[in-house]
Amino acid sequence: MLVRCQLTPVLAGSTFLATLGVTVLCLAKPSGYGKHLGSQTPGASRLPARAAWFLQELPSFVVPAAILARQPCPLFGPPGTVLLGLFCAHYFHRTFIYSLLTRGRPLPVLLIFRSFAFCFGNGLLQGYYLIYCAEYPEEWYTDTRFSLGVFLFIVGMGINIHSDYILRQLRKPGEVNYSIPQGGLFKYISGANFLGEIIEWMGYALATWSFPALAFAFFTLCFLGLRAFHHHRFYLKMFEDYPKSRKVLIPFIF
Ligand code: NDX
């Protein structure tokens with residue numbers, strides 16, 4: 001793949017994302033929202049989950065969508081625009097559908113600001129790179145990396161949405177209690193929704209064959225892998241009857 005733009009900001013941004021991932025891994029503390037809210041931010045001001053997820057994820061959709069909208073053929077144009085379209089599709093769902101349906105606990109305002117900044121930076125990085133830097137050969141649509149990557153992206157998104165649906169069904173509106181998730185990939189692992197998201201962004205990294213997408217996939221692996229680990233530990237402490245054979249993130253292995 002040829003690259004025709006000034007790469008320095010892209011590399012710097014990618015490295016920043018990857019460093020964030022490693023920092024999260026090294027700090028090895030649960031991120032202070034959801035199940036791990038109380039231990040980290042007692043007394044912090046919070047926003048209801050629906051508003052919080054909508055606000056913090058919004059730039060991940062708006063920024064790349066604005067970049068796409070400036071293209072002459074935003075939907076079925078060259079590979080860069082189609083791939084950025086997939087990114088927008090994921091964040092359209094996360095911003096406008098997931099946030100509308102979530103039954104989660106309120107989130108600390110500071111965390112929402114940090115997430116907003118993260119989503120803005122990541123949306124800009126992925127969008128800028130795909131439209132202004134990456135150059136794909138004409139036959140990229142028939143390249144195995146593109147086909148396999150898009151396939152993994154779709155499968156991962158399916159697992160993620162289905163698993164988030166299972167979690168949502170554990171509560172009636174207004175409830176904030178926790179119970180043992182059942183069905184789907186939760187039969188084998190505690191972090192089924194996270195595994196879906198990780199597969200999705202690994203597929204995306206493959207399909208785009210780009211360093212920024214790889215950095216984001218790496219961040220997702222670190223952040224959600226660690227979150228799955230903390231969730232698993234939480235379940236084992238909270239539920240005596242938690243299925244002993246259930247793993248953290250990878251069925252039968254870990
Ligand atoms: N948002 C990605 N770090 C993050 C927000 C937090 O999209 O400063 C990364 C994202 C951000 C993070 C984001 C980036 C790093 C930040 C961090 C905050 C601090 C951190 C900024 C942007 C930071 C440093 C220091 C490095 C700078 O009550 P509840 O809320 O627990 O209810 C839950 C419910 N549920 C249950 N209900 C009943 N019984 C049970 N047993 C239940 N278990 C769960 O289900 C929720 O309502 C819902 C889902 O909960 P959970 O915990 O399984 O998933 P959650 O973490 O809330 O993620 C929701 C979805 C999921 O599909 C996941 O894959 C996706 O979002 N996601 C989340 C985080 C990041 C991400 C994707 C990614 O990296 N791609």
Side-chain angles (χ1 to χ4, degrees), residues 16-38 40-41 46 48-50 52-61 87 90-91 93-95 97-99 101-123 126 156-182 186 189-202 204-205 213 215-228 230-232 234-235 238-239 242 249:
F16 174 70
L17 271 187
T19 311
L20 268 189
V22 176
T23 310
V24 170
L25 197 65
C26 294
L27 290 176
K29 278 188 191 165
S31 245
Y33 68 98
K35 294 184 182 73
H36 317 290
L37 179 67
Q40 303 252 319
T41 47
R46 291 166 192 173
R50 290 184 177 180
W53 277 92
F54 175 76
L55 287 175
Q56 71 185 20
E57 304 290 321
L58 189 62
S60 286
F61 172 74
F87 186 89
H90 171 95
Y91 280 105
H93 169 266
R94 181 72 71 226
T95 307
I97 300 176
Y98 176 84
S99 70
L101 298 175
T102 181
R103 294 175 182 174
R105 294 167 178 224
L107 276 79
V109 170
L110 182 63
L111 188 139
I112 298 167
F113 272 119
R114 273 153 53 175
S115 303
F116 183 93
F118 180 95
C119 290
F120 186 92
N122 190 41
Q126 307 298 336
M157 193 164 168
I159 294 173
N160 176 257
I161 291 176
H162 180 240
S163 308
D164 277 339
Y165 167 80
I166 291 177
L167 289 176
R168 211 160 40 238
Q169 297 311 305
L170 295 172
R171 288 177 178 163
K172 295 195 177 72
E175 286 181 354
V176 287
N177 58 312
Y178 290 107
S179 35
I180 302 178
Q182 307 286 357
F186 283 111
I189 49 173
S190 298
N193 53 340
F194 299 148
L195 178 64
E197 182 103 18
I198 290 166
I199 293 174
E200 199 178 339
W201 293 117
M202 284 186 161
Y204 193 71
F216 181 48
F218 177 61
F219 170 84
T220 301
L221 174 68
C222 296
F223 185 76
L224 296 183
L226 194 64
R227 197 158 166 77
H230 286 122
H231 278 20
H232 188 71
F234 170 94
Y235 286 135
M238 185 157 186
F239 302 111
Y242 197 67
L249 191 66

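Every number for a ligand or one of its atoms is a count from 1 in the order of the listing.
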What atoms in ligand 1 come closer than 4.0 Å to a heavy atom of [X]?
X	value
R227	52 (O), 55 (P), 56 (O)
T220	73 (C), 74 (O), 75 (N)
T102	47 (O)
F216	75 (N)
Y235	40 (C), 41 (N), 42 (C), 43 (N)
Q56	5 (C)

Expected output: side-chain R46 to main-chain P106 donor-acceptor under 3.5 Å: no

N193 backbone acceptor or donor facing N160 side chain under 3.5 Å: yes

Per [atom], closest listed option by heavy atom ([options]):
atom	options	result
atom 47 (O) of ligand 1	P30, G104, S190	G104
atom 12 (C) of ligand 1	F223, F118, F186	F223
atom 11 (C) of ligand 1	A52, S115, G196, G156	S115
atom 33 (C) of ligand 1	R171, K35, R168, R105	R171
atom 40 (C) of ligand 1	Y178, Y98, W53	Y178
atom 62 (O) of ligand 1	L37, N193, D164	D164
atom 41 (N) of ligand 1	P181, A192, P106, S179	S179

Within reach of ligand 1, part of N177 (heavy-atom separation under 4.0 Å): backbone

Return yes when atom [atom1] of [X] has more than 12 non-hydrogen atoms of other residues, nucleotides or ligands closer than 6.0 Å, and no otherwise.
X	atom1	answer
Y235	OH	yes
Y242	OH	yes
F113	CZ	no

Candidate pair Y204 and F216, rule ring-ring contact (aromatic ring centres under 6.0 Å, His included), full reasoning: CA-CA 10 Å; Y204 193 71; F216 181 48; 8.3 Å; no

Ring geometry between H36 and F234 (parallel below 30°, tilted from 30 to 60°, perpendicular above 60°): perpendicular

Worked check of side-chain hydrogen bond (donor to acceptor under 3.5 Å, both in side chains) between Q126 and N122: CA-CA 6 Å; Q126 307 298 336; N122 190 41; 3.0 Å; yes

Centroid-centroid under 6.0 Å between F194 and H231 rings: yes

